[in-house]
Amino acid sequence: EEQLVESGGGLVQAGGSLRLSCVASGSTFDDYSIGWFRQAPGKEREAVSLFVSSDGSTYYADSVKGRFRTSGDNAKNTVYLLMNKVKPEDSAVYYCAAVSQLLSLTPLKLVPVGSWGQGTHVTVSS
């Protein structure tokens with residue numbers, strides 16, 4: 001079962017930056033793309049970004065395009081989510097997951113694989 005570990009969340013002021021990390025097993029990183037998702041209180045979990053480890057391609061939800069950037073470090077089996085110019089509406093629990101399918105780009109819809117981890121909390125103060 002694919003399970004990844006997220007870290008890096010915290011409290012940040014609006015307009016600031018935060019970098020999240022997602023550590024995967026070696027086989028997961030090799031076999032799957034890695035997606036970031038988030039879930040705010042009372043809302044459904046939504047896809048935020050996708051990093052395609054095989055070729056480095058990246059995809060983003062419209063709500064974060066131009067502000068967030070995802071990247072990967074093959075040597076560390078780690079995928080990052082750099083959050084810039086954060087807004088209060090970015091506050092959520094952020095999860096990463098192995099992704100088996102990219103269903104659509106707009107809206108960004110991904111098919112996650114395996115169980116969800118504990119996530120990492122991001123709170124943006126106004």
Side-chain angles (χ1 to χ4, degrees):
E1 184 175 85
E2 315 299 340
Q3 191 164 29
L4 294 76
V5 180
E6 309 91 345
S7 64
L11 175 64
V12 59
Q13 283 192 329
S17 298
L18 202 61
R19 191 180 78 162
L20 309 183
S21 299
C22 169
V23 179
S25 67
S27 60
T28 299
F29 202 84
D30 290 340
D31 296 342
Y32 295 97
S33 299
I34 305 296
W36 282 98
F37 300 77
R38 67 186 181 186
Q39 187 168 22
K43 295 190 175 181
E44 290 189 357
R45 194 172 347 230
E46 61 177 356
V48 174
S49 66
L50 178 68
F51 175 77
V52 181
S53 50
S54 60
D55 65 6
S57 299
T58 57
Y59 303 92
Y60 300 93
D62 285 347
S63 59
V64 306
K65 204 172 289 183
R67 299 189 297 122
F68 290 10
R69 186 162 60 92
T70 189
S71 60
D73 185 334
N74 286 23
K76 296 182 178 179
N77 294 334
T78 300
V79 173
Y80 302 100
L81 182 68
L82 177 61
M83 306 167 61
N84 294 317
K85 299 179 182 177
V86 295
K87 304 175 182 179
E89 51 263 43
D90 294 323
S91 297
V93 179
Y94 283 72
Y95 304 86
C96 62
V99 169
S100 62
Q101 273 187 280
L102 169 62
L103 292 179
S104 71
L105 290 176
T106 305
L108 185 64
K109 291 205 170 188
L110 310 174
V111 178
V113 174
S115 58
W116 295 104
Q118 294 196 342
T120 187
H121 290 250
V122 173
T123 302
V124 181
S125 62
S126 57

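Heads up: numbering here begins at 1 and tracks the sequence. Note that the structure is a prediction, hence the values are computed from the model and not measured.
- Side chains of Val86 and Val122 form no contact here, defined as non-hydrogen atoms less than 4.5 Å apart.
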Starting from the C-alpha separation in whole Å, work towards a yes-or-no answer on side chain to side chain contact (heavy atoms under 4.5 Å, CB included) for Thr106 and Asp62.
CA-CA 7 Å; Thr106 305; Asp62 285 347; 3.4 Å; yes

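- Here the OG atom belonging to Ser126 is positioned 14.0 Å from the NZ atom belonging to Lys87, to the nearest 0.5 angstrom.
- Separating the CG atom in Leu4 from the OG atom in Ser25 is a distance of 7.0 Å, to the nearest 0.5 Å.
- Taking hydrophobic clusters as Ile, Leu, Val, Met, Phe, Trp and Tyr residues chained together by side-chain heavy-atom distances below 4.5 Å, Trp116 shares a cluster with Leu50.
- Note: the hydrophobic cluster containing Val52 does not contain Val23 (ILVMFWY, side chain heavy atoms under 4.5 Å, direct or indirect links).
- For the pair Val64 and Arg38, the minimum side-chain heavy-atom distance is below 4.5 Å.
- Applying the ring-ring contact (aromatic ring centres under 6.0 Å, His included) definition to pairs two or more places apart or across chains, none involves residues 63-89.
- Hydrophobic cluster membership differs between Val93 and Leu11, with clusters built from Ile, Leu, Val, Met, Phe, Trp and Tyr side chains linked at under 4.5 angstrom.
- Rounding to the nearest 0.5 Å gives a distance of 11.0 Å between OG1 of Thr120 and CG of Leu81.
- Residues Ser17 and Val12 come closest through the heavy atom pair O-CG2, 3.7 Å.
- When every heavy atom of Leu20 is checked against every heavy atom of Gly9, the shortest pair comes out as CD2-N, 3.6 Å.
- Under the 4.5 Å side-chain criterion, counting only non-hydrogen atoms from C-beta, Arg67 is not in contact with Met83.
- Residues Glu6 and Tyr94 form no side-chain contact, since every pair of their non-hydrogen atoms from C-beta on lies 4.5 Å or further apart.
- Hydrophobic cluster membership differs between Ile34 and Val5, with clusters built from Ile, Leu, Val, Met, Phe, Trp and Tyr side chains linked at under 4.5 angstrom.
- Put simply, the side chain of Tyr60 gets close to the backbone of Thr70: a donor and an acceptor are under 3.5 Å apart.
- Between atom OG1 of residue Thr58 and atom NZ of residue Lys65 there is a gap of 10.0 Å, rounded to the nearest 0.5 Å.
- Among pairs with a residue in residues 15-86, those fulfilling disulfide bond (SG atoms under 2.5 Å apart) read Cys22-Cys96, at least two apart in sequence or across chains.
- Atom CD of Gln13 sits in a sparse spot, with 12 or fewer heavy atoms from other residues, nucleotides or ligands closer than 6.0 Å.
- Counting heavy atoms from C-beta on, the side chains of Leu108 and Leu102 come closer than 4.5 Å.
- Under the rule for a side chain to side chain contact (heavy atoms under 4.5 Å, CB included), the partners of Ser53 that lie at least two apart in sequence or sit in another chain are Phe29, Phe51.
- The CG atom of Leu110 lies 9.0 Å from the CG atom of Leu105; values are rounded to the nearest 0.5 Å.
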